[in-house]
A.B. asks: 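Here you go, one structure.
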Amino acid sequence: MSGERMAEGWKLARINIENFCYTWTISNFHFFLEEMQGPIKSPKFSTVGNDKWCLRIQTFDVNENSRDYLSVYLVLISAPKSHVWAKFQLWILSSEGETVFGMRTTRVLKFLPGCKWGFKRFILRDFLLDHEYWLLPEDQLTLFCKVTVFQDSFSICDQIGKPPGIQVPKCMMADELGELWENSLFTDCSLVVAGQEFHAHKAILAARSPVFRAMFQHDMKENRTNCVEIHDMEPQVFQAMMGFIYTGKAPDLHSMADALLAAADKYGLERLKVMCEDALCRDLSVENAAHILFLADFYSADQLKTQTLDFIMAHASEVSETSSWKTMVGSYPHLVAESFHGMALTQGPFMDVLLKCSKRS
């Protein structure tokens, strides 16, 4: 009975799989690298289903003045249907005719006419040139591509009913990456903070922080030694920052929001920086308003600065009597001037109060 109901309610898809291969040889490859202003395309090739494809190759700039990588893409030129589902693999053919330096897509991709999928960092340009005897025989680069096209013969579901949904497990990536950090699993670099050594992963640090990426991407001491020394941060603040880097989850901001704001600003962690701004904003008081205004200005925390200036305008009389405000009057007159500018736009005695306070100081 259940099998009959299923047959009446929806149909199973029958999938046809087609594999095809294509080899593209680019002659005078050195000339191509030196003179190319844009991408070049291979001749068109077709599948049994009359889909038209080509390969596309170009250089990819990591830095403004360099062309570090060779990028290779598979392009669907045209197809009888509105789209094509496919996955593919790419290799270089060596001087011995072997497939080397292969890359493959990890999932089936939806190609629309004119759409390209591929590998932006297929191979380092310098590595290719340094091994030209092996990879560029007779100044020729040969690419070998294998494409698998998936074609269904009819729809998975008809209009009568739909198959039951499947429970998808919750993504645990944040917890799993956090476990790598907490248990120092498979680490490849160390960070020394106030004499304490912590072990981490260069790839994760580089992916999350532009500052760490610069350290490990260029010929810097940290990249050569796989060791980063941090002198301006307490270990507990560093651990909270690293927990955010690995999991994206906010640490205990209320106890160290000011210190984490400095850390987030230094290492380019913009989301953590805004989290710290929010925590400091929620903690604003008459006593700490001047100090938070200084932090917001020093670390270019624009949202926090705006909120703090509004708070000071609303509590000018009380703020002007605090020791932190009086210290700011003498040490950071530009912040006082910004506060005065805001006061000038309001009505009431607040402007006079602050002016008298600044004269006394």
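If you're wondering where the values come from, they're calculated on a predicted model, not measured in any experiment.
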A.B. asks: For W91, run the ring-ring contact (aromatic ring centres under 6.0 Å, His included) check against F101, F144, F119 and tell me which one passes.
C.D. replies: F144
A.B. asks: Who passes ring-ring contact (aromatic ring centres under 6.0 Å, His included) against W24, sequence neighbours left out?
C.D. replies: none
A.B. asks: Taking the ring centre of each residue, are F238 and F198 less than 6.0 Å apart?
C.D. replies: yes
A.B. asks: Are K81 and D51 close enough, and set up right, to give a salt bridge (charged side-chain N to carboxylate O under 4.0 Å, His left out), and what steps lead you there?
C.D. replies: CA-CA 9 Å; K81 295 184 178 181; D51 304 321; over 6 Å; no
A.B. asks: With a 3.5 Å cut-off and no angle check, do the side chains of H334 and D297 form a donor-acceptor pair?
C.D. replies: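 There is such a pair (donor and acceptor under 3.5 Å, judged by atom type) between the side chains of H334 and D297.
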A.B. asks: Between Y246 and W181, is the ring centre distance below 6.0 Å?
C.D. replies: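 Yes, close enough.
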A.B. asks: Could you state the interatomic distance from NE2 (H30) to CG (L136), rounded to the nearest 0.5 Å?
C.D. replies: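 Result: 6.0 Å between the selected atoms.
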A.B. asks: Is the side chain of S42 donor-acceptor paired with the backbone N or O of L55 at a distance under 3.5 Å, no angle test?
C.D. replies: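 At least one qualifying donor-acceptor pair exists.
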A.B. asks: Quick check on E138: does its CD atom have over 12 non-hydrogen neighbours (other residues, nucleotides or ligands) under 6.0 Å away?
C.D. replies: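 Not more than 12 within 6.0 Å, no.
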A.B. asks: Fit a plane to each ring of F111 and W117, take the angle between them on a 0 to 90° scale, and name the class: parallel (under 30°), tilted (30 to 60°) or perpendicular (over 60°).
C.D. replies: perpendicular
A.B. asks: Nearest 0.5 angstrom please: H83 NE2 to K110 NZ, how far?
C.D. replies: 5.0 Å
A.B. asks: Are E18 and T148 close enough that some pair of their side-chain heavy atoms sits under 4.5 Å apart?
C.D. replies: no
A.B. asks: Under a 4.5 Å cut-off applied to non-hydrogen side-chain atoms, are C276 and L253 in contact?
C.D. replies: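 Counting from C-beta outward, C276 and L253 do come under 4.5 Å.
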A.B. asks: Does N19 reach the side chain of C21, with side-chain heavy atoms less than 4.5 Å apart?
C.D. replies: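 N19 does not reach C21 side chain to side chain.
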A.B. asks: With rounding to the nearest 0.5 angstrom, report the CZ to CG distance, R282 to L284.
C.D. replies: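 Separation between the atoms: 11.5 Å.
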A.B. asks: Would you mind reporting whether V84 and W53 have side-chain heavy atoms less than 4.5 Å apart?
C.D. replies: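 Result yes, sub-4.5 Å side-chain heavy-atom pair found.
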A.B. asks: Does the side chain of V237 reach to within under 4.5 Å of the side chain of L260, using non-hydrogen atoms?
C.D. replies: yes
A.B. asks: Between L141 and L135, is any pair of side-chain heavy atoms under 4.5 Å apart?
C.D. replies: no
A.B. asks: Please give me the minimum heavy-atom distance between F216 and C189, naming the atom from each residue.
C.D. replies: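 In this case the closest contact between F216 and C189 is CZ-SG, 4.4 Å.
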A.B. asks: To the nearest 0.5 angstrom, please state how far the CG atom of L180 sits from the OG1 atom of T187.
C.D. replies: 10.0 Å
A.B. asks: Hey, are K249 and D175 close enough for a salt bridge, meaning a charged N less than 4.0 Å from a carboxylate O?
C.D. replies: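 Counted as a salt bridge, because a side-chain N and a carboxylate O are separated by less than 4.0 Å.
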A.B. asks: Would you find a donor on one side and an acceptor on the other, under 3.5 Å apart, between the side chain of R104 and the backbone of Q89?
C.D. replies: no
A.B. asks: What distance separates N50 CG from S78 OG, expressed to the nearest 0.5 Å?
C.D. replies: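 Here the rounded value is 7.0 Å.
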A.B. asks: Using the ring-ring contact (aromatic ring centres under 6.0 Å, His included) criterion, which residues pair with Y22? Sequence neighbours excluded.
C.D. replies: F45
A.B. asks: Is the closest side-chain donor-acceptor distance between S46 and K52 under 3.5 Å?
C.D. replies: yes
A.B. asks: Do the numbers put R271 on top of the ring of F244, so that NZ or CZ is under 6.0 Å from the six-membered ring centre and no more than 45° off the axis?
C.D. replies: no
A.B. asks: With Y332, which residues qualify under ring-ring contact (aromatic ring centres under 6.0 Å, His included), at least two apart?
C.D. replies: F294
A.B. asks: Got a second to check how far Y267's OH is from M242's CE, nearest 0.5 Å?
C.D. replies: 9.5 Å
A.B. asks: Return the orientation label for the H131 and Y133 ring planes: parallel under 30°, perpendicular over 60°, tilted otherwise.
C.D. replies: tilted
A.B. asks: Side chains of K120 and Y69: does their closest heavy-atom pair fall under 4.5 Å?
C.D. replies: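 No; the side chains remain at least 4.5 Å from each other.
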A.B. asks: Please determine if E338 and K305 form a salt bridge, counting it only when a charged side-chain N lies under 4.0 Å from a carboxylate O.
C.D. replies: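 Yes, this pair counts.
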A.B. asks: Show, in sequence, the C-alpha distance, side-chain angles and deciding distance for L293 and M328, and conclude whether the side-chain contact (heavy atoms from CB on, under 4.5 Å) test is met.
C.D. replies: CA-CA 10 Å; L293 179 61; M328 192 174 72; 3.8 Å; yes
A.B. asks: Without swapping roles, check the side chain of D139 against the backbone of F29 for a donor-acceptor pair under 3.5 Å.
C.D. replies: yes
A.B. asks: Is it the case that the side chain of H315 and the backbone of S285 share a donor-acceptor pair, with hydrogens and angles ignored and the cut-off at 3.5 Å?
C.D. replies: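 No, because the side chain of H315 does not come within donor-acceptor range (under 3.5 Å) of the backbone of S285.
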